[in-house]
Amino acid sequence: MSGAMSGGALPVAGVSLETQHRVEQFLYRQAEILDDRLWDEWLALFTADAHYWMPASPEQTEGDGQANIFWEDHYLMRTRIGRINHPMAWSQSPANRTGHVVSNVVVEAEDASSGDLVVRSKFYVAEYRMDEQRFFAGKYRHNLKNTPDGYRIELQRVDIVNVEGPFDYVLQYWI
Amino acid sequence: MGGDKMSDGNGFNVDALVEPDRVHRNCYADNEVFEREIRQIFHKAWIYVGHESQVPNTGDYATTVIGRQPVIMVRHQNRSIHVLYNRCPHRGAKLCANRAGNTGGNFTCSYHAWQFKLDGKVRHIPIQSGYDNTRFNLNDPNSHMKPVARMEVYRGFVFASLSPTGPSLVDWLGTAIAGIDDMCDRAPEGEVEVVPTCFRMIQKSNWKIFLENQLDAVHPSVTHGSTGLAAQKVEKEMLAETGNPPPLSYHYISAFAMEMDKWGALDVVGHPNGHCVLQGYMGLRPTDPDTLEYDAIMEKHYGPDRAKEILDVNIHHLLVYPCLSIQSPLQQLRAVRPISANETLTEIWHFRLKGAPEPIYRRALDYFYLVNSPSTMINADDLYNFRKCQEGLESEGGDWVSFHRNAGQDLVEDGVATSVIGFSEIPMRNQFEAWRNYMQAEGAL
């Protein structure tokens, strides 16, 4: 990708204010969609061959063929949504509720011809369920396709701070 | 303890807690019962520590707990494995705080730099002259890291017992050893190798609720119906949209929604010492090219007759009571670490079959993801039910837990009890028979 320049240890692309604004709005919208549990809109955020990936270790460089906390394509995401919406999804009664904050949005690379981006950001999530609140913090890394309909996620990597666990109850869907 | 219900002259009356077809709620909810379980069961029985492939090189170590005792499994220079209490004999500090790592040629305490060899023997103490004319003696066992009373390795699986006496590991496993053999035999080279990602999940429920659930053939359709039906729907969509049949991994979760009758057709077997086996369901003998390639490799290593014998073994799930849930045909293992009466840690691992092609490993990996990862849709509903069980059992809304289904109908031969129908509550009754023996035994078993 062109336009990348050094940002210390991690690359930073010099992008226009408009691009920075567009990508921030996209990430905020994704967070809202999760918090509002808008599952059709969630799926529409991803390209047809996308993966949502939460590795089991910060050192992991591949999702395919590795032990992951999440490694889901469209069909697995649909399965998860089908479960959540099913009246017999017992652990969704009561359902969990989340609040996401996304920040520290840095475009790491921009493809000059296509406008595709690699973007990293930080998140903080509070989750409430059955009288208990828990928190997840970490970083996102989005590979975004620039399409006529706006950005679409090709790959979303999610590294949570407490990746080694132990996990006090499961993650019922994406963070 | 809750009054005279469980008390006799000696303070504990197992008959008040366990009957052949029902048990008292205090087995799950009473803190003193739990403390006795730690002493009488987890500090005496053989407890799974880890797999030797977790520590391939000299100085590699892994830490865990046996009951309440923190231990270190370490690889010695002479290739032997030692299981030691994770405690410096000087002032008591733990020697390894990490879950795994490499300690080099010895352990060094971070507090005063006492050093120990990899078998736990003291190697060096700083300012040794200070001990002249004191009662301290380097030959005293109290100067060394303490080894567990007994340690045995069976086909790479490391178990320890904190009791100096008792049956050997193989005798204790008895007929249930077939589950460990099944996992290893499925490897063309006869050995499995751990994949170093351990998922750790906390269950807000008693450890026995987890073990009782594992072979309960009535719960899957009810607990996991939502996931099974969602997966069945997506399987159909995938076929319609892509023209390709869905990958085998979808079957792992869609099968949870199979008709109730099919669960009833399984066999549940109660082995001595509380070990249990669920037979059937996941024979996993499709005839796709990956399976055929694997079958051919198995035949090359074992010969056709032995290979067929191995691949025909029909074990879905093995419980090594009280510490392990093993799914041998998919190389999954969950180790049970009780924390308190109402909290349990599980350490979840999967394994590679040495010498098997990569697609066969992918089956284990897919199952590890779908059923055993922190994002599992399956255990999401199990853990929810376990927690509700625990909260209900802590209430005074009733004293008993019912295990009556098909009670008295088990077919018993040579100490091994087989269910008349997969729905039988034989695994719960079998586990509690062992529980009763452990809990009432005085001294070593």
Side-chain angles (χ1 to χ4, degrees), chain A residues 39 43 48-49 52-60 62-96 129-132 134 136 158 160 162-175, chain B residues 99 195-204 221-235 237-238 241-242 246-247 249-250 253-254 257 337 339 343 345-350 358 361-362 365-366 368-370 372-385 387-388:
Chain A
W39 304 125
L43 286 176
D49 56 352
Y52 177 95
W53 177 29
M54 187 186 289
S57 134
E59 285 81 34
Q60 230 169 296
E62 293 286 331
D64 185 43
Q66 305 289 314
N68 296 300
I69 297 176
F70 279 97
W71 178 251
E72 302 206 338
D73 61 7
H74 259 271
Y75 286 110
L76 266 181
M77 290 199 270
R78 269 197 234 170
T79 308
R80 193 174 287 279
I81 291 167
R83 170 187 174 267
I84 292 167
N85 286 336
H86 197 281
M88 277 167 65
W90 310 115
S91 58
Q92 282 292 306
S93 172
N96 48 335
R129 180 177 172 270
M130 291 178 83
D131 295 349
E132 285 167 12
R134 61 177 177 171
F136 294 97
V158 183
I160 52 171
N162 60 330
V163 60
E164 290 94 352
F167 287 88
D168 194 348
Y169 196 61
V170 303
L171 306 171
Q172 295 199 59
Y173 52 86
W174 314 280
I175 291 286
Chain B
R99 287 165 57 212
V195 178
T197 298
C198 175
F199 288 137
R200 293 181 300 157
M201 299 294 297
I202 289 176
Q203 308 178 349
K204 292 191 171 167
S221 322
V222 185
T223 301
H224 307 301
S226 59
T227 303
L229 292 167
Q232 283 182 2
K233 182 165 175 283
V234 169
E235 281 178 329
E237 290 170 0
M238 203 184 294
E241 290 168 21
T242 68
S249 56
Y250 277 79
I253 48 177
S254 65
R337 314 292 184 199
I339 297 168
E343 210 169 23
L345 175 73
T346 50
E347 297 171 351
I348 311 173
W349 300 91
H350 74 301
E358 182 69 12
Y361 165 63
R362 291 293 185 106
L365 176 64
D366 287 342
F368 189 61
Y369 177 68
L370 290 169
N372 279 324
S373 77
S375 71
T376 170
M377 293 176 265
I378 298 300
N379 290 331
D381 293 312
D382 281 323
L383 268 51
Y384 169 81
N385 278 336
R387 174 175 169 178
K388 290 203 304 167

> Less than 4.5 Å to any heavy atom of chain B: does that hold for the side chain of A:Gln66, its backbone, both, or neither?
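Contact with chain B involves the backbone of A:Gln66 alone.
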> Against chain A, work out which of B:Thr223, B:Asn385, B:Leu345, B:Asp382 has the most heavy-atom pairs shorter than 4.5 Å and name it.
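That would be B:Thr223.
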> Are the side chains of B:Lys204 and A:Met130 in touch, meaning some heavy atoms are under 4.5 Å apart?
no
> Just by distance, with hydrogens left out, do B:Tyr384 and A:Gln92 show a side-chain donor and acceptor under 3.5 Å apart?
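B:Tyr384 vs A:Gln92: no donor-acceptor pair found between side chains.
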> Rounded to the nearest 0.5 Å, how far does CG of B:Asn379 lie from OH of A:Tyr169?
9.0 Å
> Heavy-atom distance under 4.5 Å between the side chains of B:Asp381 and A:Ser91, does that happen here?
yes
> Could you check which of B:Glu358, B:Glu237, B:Lys233 has the highest count of heavy-atom pairs closer than 4.5 Å to chain A?
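Looking at each option in turn, the highest pair count goes to B:Glu237.
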> Can you tell me if A:Tyr75 uses its side chain to pair, donor with acceptor, with the backbone of B:Met238 under 3.5 Å?
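Flag not set: sc A:Tyr75 to bb B:Met238 has no pair under 3.5 Å.
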> Just wondering, do B:Val234 and A:His74 contact through their side chains at under 4.5 Å, heavy atoms?
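Side chain of A:His74 against side chain of B:Val234, heavy atoms only: no contact under 4.5 Å found.
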> Checking A:Leu76 against chain B: side chain, backbone, both or neither under 4.5 Å from a heavy atom?
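For A:Leu76, heavy atoms of backbone and side chain both lie under 4.5 Å from chain B.
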> Can you tell me how far the CG atom of A:Asn68 sits from the CG atom of B:Leu365, to the nearest 0.5 Å?
7.5 Å
> Could you report the tightest heavy-atom contact between A:Gly82 and B:Ala230, atom names first, then the distance?
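For A:Gly82 versus B:Ala230, the nearest heavy atoms are C-CB, 3.6 Å.
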> Provide the closest heavy-atom pair for A:Gly65 versus B:Tyr361 in the form atom of the first, atom of the second, distance.
O-CE2, 4.0 Å
> Which one, B:Gln232, B:Glu241, B:Gln203, leads in non-hydrogen pairs under 4.5 Å with chain A?
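The answer is B:Glu241.
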> Which residue out of B:Arg387, B:His224, B:Lys388 racks up the most heavy-atom pairs below 4.5 Å with chain A?
B:Arg387
> Is B:Ser375 close to chain A through its backbone or its side chain, or both, or neither, when contacts mean heavy atoms under 4.5 Å?
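Contact with chain A is through both the backbone and side chain of B:Ser375.
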